[in-house]
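Accompanying notes for the structure given below.
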Amino acid sequence: MIPVELSKLLRSRRTWMTIAMIDALPALVAVLLAVTDLGPRPGTGPAFLSAVLTDGTLYPLAALAIVLPLFLPIAVALTAGEAVAGEAQQGTLRYLLVRPVGRVRLLVAKLVASMVFVVLAVLVVAATAYVLGVLLLGDESITVTGPTTSVSGTALSTPELVARTGLAFGYAILCMLGVACVALFLSTVVRTPAAAAFGTLGLLVGSTVLLTLDAAQVLHPYLPTRYWIAFVDLFRDPILWRDIVRGTLLQLAYVVVFLGAAWASFATKDVSD
Amino acid sequence: MSELSQRPVAVRTESLTKRFGPVTAVDGIDLEVREGDVYGFLGANGSGKTTTVRMLLGLVLPTSGRVEVLGEPMPSAWRRVLPQVGAMIEGPAAYGQLSGRRNLALFDAMAADGDRASRARRVDDALEQVGLGGVDKRPVRAYSLGMRQRLGLAGALLRRPRLLVLDEPTNGLDPQGIQEIRRLLLELNAAGTTVVVSSHLLAEIEQTCTRVGVLDRGRLVLQDELDDLRRPTGHVELTTPDVGHALGLLGGTVVAHDDQRLLVRDPDPAAVNARLVAAGVRVTSIAAEVRRLEDVVLAATRAGSDRFDRPDRPDRPDRPDREEVAG
């Protein structure tokens, strides 16, 4: 079932259109920065954006910070929200199940396809951002030929930078896995893929709103978006692990809870669409 | 009958019940389909046919009761049972953006037993069987209702199943299409496939099935061999231009009549005919009256369950019974 889902994903024009749209925003930002040379002042705007004008190789990270809060979760919620509800709405769910595809196998295949989509989107964003960063931005680091500066102001060697960038992308993908599991669960409960996607986005928007509210302080450590941007801490020297670790555990908890809920809901569901 | 009871059971349910909240959709039914049957599953819209079919296939889980398909319990043995079953449930469905051929290949690849080497050939065979052998690469989205129906049937045939479960298979087909599908089903049955067809079209069931089950509001009100259901009624139906003369001659055995037809209580049309002709009554047509499936079903069921009468007016319009039709 996994190869079938992947083939559906990769052959679908929508997949590539969505990735192109996700990719468009950081590309546009890179062009604007290059043309105007007006970076946000350090400490303001999306993470790393103030640094990319001096060092273009940091632009993949800046691009990640641009797409992570909104674009990527929307795309993930739409893709994973479609999993069961989309098949049900098309009428193909009953034919999948009598083929037979086991219900657990179907869920796993859908989740894997959603995550492949995320990885693909993240890779495309990173690759584009790297190329644009090197071509359009950060001429200064080339002339200076000095090592990249960490957020804390100390120097990072290139292998260290690559390793940390990899970790950052891994962390972002884990955050999206959490989103995908919520959407997958909702997809087994509601009747339309849109309801599953919007339900998921509702949770994320609610989480973001509550994070700005001091009165909700007691909830903050459990909100799904609380530690999303913590990957920035990977570029401090030494790495500030606290939020990364908490974020990882929190996302794993979301994955376990919602995947379990999705399984429990779907395994006993009457398929009457 | 002895030949029948020797054949193994293809589908059996025991007090199968499904409740959706307060609504009992299927109420303690005991189906029995033998291998080699063409089993017609009849019932008005909303009588529970589709829910029952879905329970046979493990899509809907029974509230209580047992389901056995091809000798194994469902839904627990779905891994062994379903690969031997082809199904069309409540209309066909496919990925609209893909071609019919690609859809079949994709569905075939989904389950572990879809042998890759023979896939293209099996897809072609299935399309050929349902009359879509020459179909082009247009996406299913652009198919007509009849083409979709045929594609759905091809999907059910892809694995050369032992048991075919078809819910309203001729929906959306024109009369030629219906006849083609009927012929295909009989062909498959002759080759050993057990077929369960659910339909609300009596004529369709009457022309294809060997055995009939009738659902009414979730209950199985009738289950029998079609030939037994359609046994002669013990009456002779005849038309004659000399109705008055015939009436006088046959007297009290005439059950009903109008200005050219008579219904006579007598099992033997030949004897009645001889009497009439000997007395100079001209007979246009004469035959033993045979119960039509429609009469049997209507007698066993109440009005369609998509009908909701107001409780303050409990009287439904009475169905015309046979006497009225004849008289």
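Chain naming here is simple, since letters A, B, ... match the order of the sequence lines and numbering starts at 1 in each.
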Which one of Val4(A), Leu97(A), Thr268(A), Ile2(A) has the most heavy-atom pairs closer than 4.5 Å to chain B?
->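 Ranked by heavy-atom pairs under 4.5 Å with chain B, first place is Val4(A).
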
Identify the heavy atoms of Tyr95(B) and Glu87(A) that sit nearest to each other, and give their distance.
->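 Where Tyr95(B) meets Glu87(A) most closely, the heavy atoms are OH-OE1, 2.8 Å.
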
What pair of heavy atoms forms the shortest contact from Val98(A) to Leu82(B), and how long is it?
->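 The pair with the smallest heavy-atom distance is O-CB, 3.8 Å.
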
Let me confirm one number: the [atom1]-[atom2] distance from [X] to [Y], rounded to the nearest 0.5 Å.
X	Y	atom1	atom2	value
Glu90(B)	Ser272(A)	CD	OG	8.5 Å
Arg94(A)	Ile89(B)	CZ	CD1	6.0 Å
Met1(A)	Met110(B)	CE	CE	4.5 Å
Leu158(B)	Arg99(A)	CG	CZ	5.5 Å

Non-hydrogen atoms of chain A under 4.5 Å away: do they reach the side chain of [X], the backbone, both or neither?
X	result
Phe20(B)	side chain
Leu98(B)	neither
Met55(B)	neither
Arg102(B)	side chain

Main-chain N/O of Pro100(A) paired to Arg79(B) side chain as donor or acceptor, under 3.5 Å |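 Flag not set: sc Arg79(B) to bb Pro100(A) has no pair under 3.5 Å.
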
With no hydrogens and no angle check, is any side-chain donor or acceptor of Tyr95(A) less than 3.5 Å from a backbone partner on Gly155(B)?
->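 Side chain of Tyr95(A) to backbone of Gly155(B), a donor-acceptor pair under 3.5 Å: no, none is there.
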
For the candidates Gly58(B), Ala87(B), Gly91(B), which exhibits the highest count of non-hydrogen atom pairs separated by less than 4.5 Å from chain A?
->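 Winner by heavy-atom pair count: Gly91(B).
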
When Pro92(B), Gly152(B), Gly96(B) are compared by non-hydrogen pairs under 4.5 Å with chain A, the top option =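 Highest number of heavy-atom pairs under 4.5 Å: Pro92(B).
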
Do the non-hydrogen side-chain atoms of Lys269(A) and Leu61(B) ever get within less than 4.5 Å of each other?
->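 Side chain of Lys269(A) against side chain of Leu61(B), heavy atoms only: no contact under 4.5 Å found.
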
Below 4.5 Å from any heavy atom of chain B, which atoms of Leu106(A) appear? Answer side chain, backbone, both or neither.
->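 Neither; nothing under 4.5 Å.
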
Checking Arg105(A) against chain B: side chain, backbone, both or neither under 4.5 Å from a heavy atom?
->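 It is the side chain, since no backbone atom gets that close.
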
Basic-acidic side-chain contact under 4.0 Å: Lys18(B), Asp270(A) |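 Salt bridge: yes.
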
